[in-house]
2 protein chains.
Amino acid sequence: MTQSKTDPRVLRTRKLIMDSFIELSAKKEFKDITIKDITTEAMINRATFYYHFEDIYDLLEKALSEVLLVNLNFDVYQNNELNEEAFISIFIAITNFQKGLSTRCHRGYEDTIARIIREQLEIIFYKMLVKQNTTKDDEALKTVAVILSWGIYGASIEWRRNGMTVPPEEFIKPAIPYLMNGIHS
Amino acid sequence: MTQSKTDPRVLRTRKLIMDSFIELSAKKEFKDITIKDITTEAMINRATFYYHFEDIYDLLEKALSEVLLVNLNFDVYQNNELNEEAFISIFIAITNFQKGLSTRCHRGYEDTIARIIREQLEIIFYKMLVKQNTTKDDEALKTVAVILSWGIYGASIEWRRNGMTVPPEEFIKPAIPYLMNGIHS
DNA sequence: ATCAATGTGTTGGATATCCAACAGATTCAG
DNA sequence: CTGAATCTGTTGGATATCCAACACATTGAT
């Protein structure tokens, strides 16, 4: 229990389940995916599924979080400072992630997915803010992270709603200077 | 122990190990592949490796057997009679399998590989002979299987040595009528 | 030749996974 | 509606896998 997050069996099993889920998502709608389908594909027992996940919605949440986090980390941990470039690559990562979600799958779970994306954004913004601000006002940083995450997520929605008529970097770039004012330590 | 061959954990673990081994074989020479490499890639513990395989040569043997057997079964279990067509598809399967083996990998283990191929051929020939012969002279069928396996394997070697100048089916086809004489029940 | 580092193979106890069985929910044909 | 079939979640005991530690072999640098 204390080291359940690092036991190789746990990591391996979770990976197998998540990979199978993503695999199946490409073939079926979310509502038609059964837990037995997933465990069969993953070659693990159904009881083991419940050892790791509450239910299939819990899996959806964790799987998407992970995929998204991998995307974000890959882009952001390179220039790990919250400058214009970082904003742009985060925004592009989000839009790519949303493009990658087959609209056929997960229909009816847009709000769940939205929440997941926003939460992950919030986590990453908060981490980066803490890294470059020496202030002790932690609550302030948290609030900034909330605002930025809602803002960037909303921008991605609007960009799609407008028909993606301009490249994402062009869409977000003009707004960045206004955001950056309050960010520098 | 009694059902150790059907426990899903066993099947899954063996698959993971074999897949990792095949994966690594594409990148490194056989002699440079360590058991730690394999178990790391497969996400399983080193001790678990020894639970399933004696050593790395045992793995080589079983992995190749399995790959080969899958190839053979796929081709042969369709027209499951030992006629001209079956001979041809077996011969093609063998030559494809040998082409698939990167010569860079497994150098220095040609004789091991040869033995594995021959043994698998022998098994399959024997199965098919038993299926279509009602004779009780089991020893005779075993001997026929031995001869056919050595013969077909040898033919594949000679075909390669000759520079693969004709398609495999052309190479083997003229010889088949001579083999078929003693096979019919 | 020696020492350090790495690989092989083995073992006993801890734990994740499996199995079989169960009760209840949902679906769907007749 | 009724029953048959399938899915969801849960549980206790069996077993495969993990871990840490060990002895020994092999390799490579100094």
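None of these values were measured; they are calculated from a predicted model.
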Picking from dT15(C), dC7(D), dT17(C), the nucleotide nearest the side-chain atoms of Thr34(A) would be dC7(D)
From C-beta outward on Tyr50(B), which listed nucleotide comes closest to its side chain: dT8(C), dC19(C), dC18(D)? dT8(C)
It should be established whether Tyr51(A) places a side-chain nitrogen or oxygen under 4.0 Å from OP1 or OP2 of nucleotide dA16(C). yes
Scan nucleotides 11-13 of chain D against the protein and return all N/O pairs shorter than 3.5 Å with their distances rounded to 0.1 Å.
none

Is any side-chain heavy atom of Asp137(B) less than 4.5 Å from a side-chain heavy atom of Leu141(B)? no
Annotated structure of DNA chain D as dot-bracket, pair cut-off 3.5 Å, Watson-Crick or G-U only, | for inter-strand, is ||||||||||||||||||||||||||||||
Distance check needed: dC18(D) C1' versus Arg9(A) CZ, whole Å only. 5 Å
Could you state the atom-to-atom distance from CG of Asp7(A) to C1' of dA14(C) in whole Å? 10 Å
Any side-chain N or O of Thr13(A) below 4.0 angstrom from OP1/OP2 of dA16(C)? no
Of Phe49(A) and Arg12(A), the one whose closest DNA chain D nucleotide lies more 5': Phe49(A)
Under 30°, 30 to 60°, or over 60°: which ring-plane class applies to Phe91(A) and Trp159(A), parallel, tilted or perpendicular? perpendicular
More than 12 foreign heavy atoms under 6.0 Å from NZ of Lys62(B): is that the case here? yes
Taking Val10(B)'s backbone N and O only, do any of them form a donor-acceptor pair with Thr13(B)'s side chain (distance below 3.5 Å, no angle check)? no
Rounded interatomic separation in angstrom, taking CD1 from Ile44(A) and C1' from dA16(C): 11 Å
Is it true that Tyr57(B) and Phe49(B) fall in one hydrophobic cluster, defined by side-chain heavy atoms closer than 4.5 Å? yes
Would Ile116(B) and Ile123(B) show up in the same hydrophobic cluster when neighbours are defined by side-chain heavy atoms closer than 4.5 Å? no
Nearest to the side chain of Ile35(B), which nucleotide is it out of dT8(C), dC18(D), dC19(C)? dT8(C)
Which whole-number value in Å describes the distance from Met43(A) CE to dT17(D) C1'? 15 Å
Given the rule in the salt bridge (charged side-chain N to carboxylate O under 4.0 Å, His left out) test, do Arg118(A) and Glu122(A) qualify, once you have shown the distances and angles that lead to the verdict? CA-CA 6 Å; Arg118(A) 225 201 36 72; Glu122(A) 187 180 324; 3.3 Å; yes
Rounded distance (Å) that lies between atom C1' of dC18(C) and atom CG of Leu11(B): 12 Å
Counting only heavy atoms not in Glu158(B), do more than 12 fall under 6.0 Å of its CD? yes
Taking only side-chain N and O atoms of Asn45(B), does any of them lie within less than 4.0 angstrom of OP1 or OP2 on dT17(D)? no
Between His52(A) and dT17(C), does any side-chain N or O lie under 4.0 Å from OP1 or OP2? yes
Atom pairs, N/O to N/O, protein against nucleotides 21-26 of chain C, distance under 3.5 Å?
none

Between P of dT8(C) and CD1 of Ile56(B), the distance in whole Å: 7 Å
Nearest-angstrom distance from the residue atom CZ of Arg14(B) to C1' of dA16(D): 11 Å
Between Asp58(A) and Tyr50(A), do the side chains contain an N or O donor and an N or O acceptor separated by less than 3.5 Å? no
Spacing of Asp32(B) atom CG relative to dT27(D) atom P, expressed in whole Å: 12 Å
Assess whether atom CD of Glu54(A) is packed by more than 12 heavy atoms of other residues, nucleotides or ligands within 6.0 Å. no
Counting heavy atoms not belonging to Glu119(B), are there more than 12 under 6.0 Å from its CD? yes
Heavy-atom side-chain contact between Leu148(B) and Leu121(B) under 4.5 Å: no
